[in-house]
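Atoms considered below: every heavy atom in the structure, side chains included; atoms not considered: hydrogens, waters and symmetry mates. Proteins get letters first, then strands, A, B, ... in listed order; numbering begins at 1 in each.
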There are 2 protein chains.
Amino acid sequence: MPAEQEVGLGLRERKKLRTRATIREQAMRLFAEKGYGETTVEQIAEAAEISPSTFFRYFPSKEQLVLVDDLDPIMIRSFQEQPADLPVLTALRRSMERAFTDMSPEQFDREQARQKLIRSVPELRAAQLDELQRTIKMLADGVAERLGRPAGDIESRAFAGAVVGTILGVLDDEHVFSLDRMGRALDLFEAGFPFDKS
Amino acid sequence: MPAEQEVGLGLRERKKLRTRATIREQAMRLFAEKGYGETTVEQIAEAAEISPSTFFRYFPSKEQLVLVDDLDPIMIRSFQEQPADLPVLTALRRSMERAFTDMSPEQFDREQARQKLIRSVPELRAAQLDELQRTIKMLADGVAERLGRPAGDIESRAFAGAVVGTILGVLDDEHVFSLDRMGRALDLFEAGFPFDKS
DNA sequence: CTCGAATGTAGGAGTTACTCTCATTTGAGA
DNA sequence: TCTCAAATGAGAGTAACTCCTACATTCGAG
């Protein structure tokens with residue numbers, strides 16, 4: 001009895017999806033139990049019943065296993081689905097809210113655990129900038145499209161950078177994954193940081 | 001004949017400073033010649049005439065050797081030295097300009113080479129987020145002080161995040177270290193991204 | 001100036017993430 | 001069932017780091 005996401009796929013693909021999921025589950029379990037640094041790829045492989053070499057066929061590195069993000073694409077899609085006549089910030093806000101409410105409780109927990117893990121391990125925290133740059137770029141493209149500007153124009157990129165930076169600024173270890181905080185960030189951004197008018 | 005920075009230090013400290021500088025120089029030379037990934041710590045150690053174990057006493061990792069930043073503290077100090085009655089963005093702009101103009105051509109070249117190296121090596125690029133967070137935090141503290149707000153308050157952090165994010169957004173591989181680009185970012189920020197008023 | 005205490009260094013052994021290669025297995029399609 | 005391509009496992013190899021121990025150098029006190 002294959003799961004819903006798996007319909008229409010051959011046995012091969014289904015097995016691959018499962019292996020991938022198993023590796024991730026086992027890894028996250030071990031990380032939670034013993035810590036990221038104390039868990040070796042060999043142990044993960046053993047728990048997932050694959051060979052170490054197979055591990056690296058599924059994930060390019062131990063870091064990426066944690067960092068690959070299922071959420072970003074959802075957020076982006078939801079952003080693009082917002083009516084074109086909304087101001088960018090409003091569209092962004094709504095898509096954020098929708099992404100949060102659409103998430104199953106399990107998904108939410110998984111995502112929160114993931115974010116906390118990333119925050120707590122310097123190695124992972126570090127490797128996140130690439131993801132951040134990707135996010136900025138995707139958002140910039142979305143913004144450019146929405147405003148009828150050429151993709152990659154500097155204004156859209158500045159804008160996207162500013163929004164992401166604002167959110168980054170308000171998040172801390174206690175509020176890693178909080179819709180409230182992110183909304184608050186957008187509020188401040190929208191108000192144009194009015195406290196610096198000398 | 002000790003160099004200027006070295007006066008008033010014992011022989012021990014002076015030697016340490018020199019060793020550290022030598023390691024960095026040799027490393028950057030080798031990176032430029034053969035590439036980052038193709039240069040091993042062993043080779044750097046050999047070129048700097050130290051043992052590999054000693055390398056790790058001077059730098060916690062091969063990455064950090066490249067990432068440690070002499071520029072940030074200068075920028076921060078210069079920011080704090082700006083008259084208190086200037087608007088934050090103006091103060092920021094001036095301190096940025098001053099940091100650039102104060103730099104010797106050699107320093108500028110070194111810094112530019114460093115930034116290009118970081119941009120071109122995924123491993124290094126990734127490890128930069130921690131630096132970025134530090135920058136945001138320092139700027140946020142500076143901003144808070146300047147505005148007479150409690151250190152670490154959320155508005156200052158959002159603001160600092162937004163500014164840094166804006167700059168991050170406008171920089172690309174061709175404009176890694178460009179005062180022009182950064183100034184442009186501040187312009188856009190200051191104007192409040194006026195193109196999203198629906 | 002000398003001696004003992006810090007401090008710094010070299011060398012080596014060990015761990016782990018990751019790469020490459022090759023032989024074997026397993027699923028897809030005829 | 002048979003054949004081909006894709007997936008896996010096993011093993012050897014590399015390089016970044018860690019830890020430990022023995023030796024050398026510098027410093028400060030008497």
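- Rounding to whole angstrom units, CZ of residue A:Phe55 and P of C:dT16 are separated by 15 Å.
- Sorted by residue number, the list of members of residues 25-35 of chain B with any non-hydrogen atom under 4.0 Å from DNA chain C is empty.
- For the pair B:Lys62 and B:Phe55, the cation does not sit on the ring face, since its NZ or CZ is not both under 6.0 Å from the ring centre and inside 45° of the axis.
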Tabulate below the donor-acceptor pairs under 3.5 Å that side-chain atoms of residues 74-81 of chain B make, not counting sequence neighbours, or state none.
from    : atom 1 : to      : atom 2 : distance (Å)
B:Ser78 : OG     : B:Ser95 : O      : 3.4
B:Glu81 : OE1    : B:Arg98 : NH1    : 3.4

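- Atom CZ of B:Arg18 is separated from atom P of C:dG8 by 17 Å (rounded to the nearest Å).
- In this structure, B:Ser51 reaches the C:dA10 phosphate: one of its side-chain N or O atoms is under 4.0 Å from OP1 or OP2.
- A:Arg114 is not listed as a side-chain neighbour of A:Phe177, based on a closest heavy-atom distance of 4.5 Å or more.
- What you find for B:Tyr36 and B:Glu123 is that their closest heavy atoms are CE2-OE1, 3.7 Å.
- At a cut-off of 3.5 Å, with distance as the only test, a side-chain donor of B:Gln26 or B:Arg29 sits close to an acceptor on the other residue.
- Regarding A:Glu46, its CD atom lies at a distance of 18 Å from the P atom of D:dT8, rounded to whole Å.
- The separation between A:Gln64 atom CD and C:dA17 atom C1' is 14 Å, rounded to whole Å.
- Side-chain contact of A:Thr22 with A:Thr19: a donor-acceptor pair under 3.5 Å is absent, judged by distance alone.
- Separating the CD atom of A:Glu38 from the P atom of C:dA17 is a distance of 11 Å, rounded to the nearest angstrom.
- Between A:Glu13 atom CD and D:dA5 atom P there is a gap of 17 Å when expressed in whole angstrom units.
- As a whole-Å value, the separation of B:Lys62 NZ from D:dT14 P is 16 Å.
- Side-chain atoms of A:Gln107 and A:Glu111 form no donor-acceptor pair, as typed in the model, at a separation below 3.5 Å.
- The shortest side-chain heavy-atom distance between B:Thr166 and A:Phe159 does not fall under the 4.5 Å cut-off.
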Each nucleotide N or O in nucleotides 19-26 of chain C that has a protein N or O under 3.5 Å away: list the pair and distance.
from   : atom 1 : to      : atom 2 : distance (Å)
C:dT26 : O2     : A:Arg12 : NH2    : 3.4

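- When rounded to the nearest whole Å, the span between CD of A:Glu123 and C1' of C:dC18 equals 13 Å.
- OP1 or OP2 of D:dT8 has at least one side-chain nitrogen or oxygen of A:Tyr58 nearer than 4.0 Å.
- With rounding to the nearest 0.5 Å, the separation of CZ in B:Phe100 from OG in B:Ser178 is 7.0 Å.
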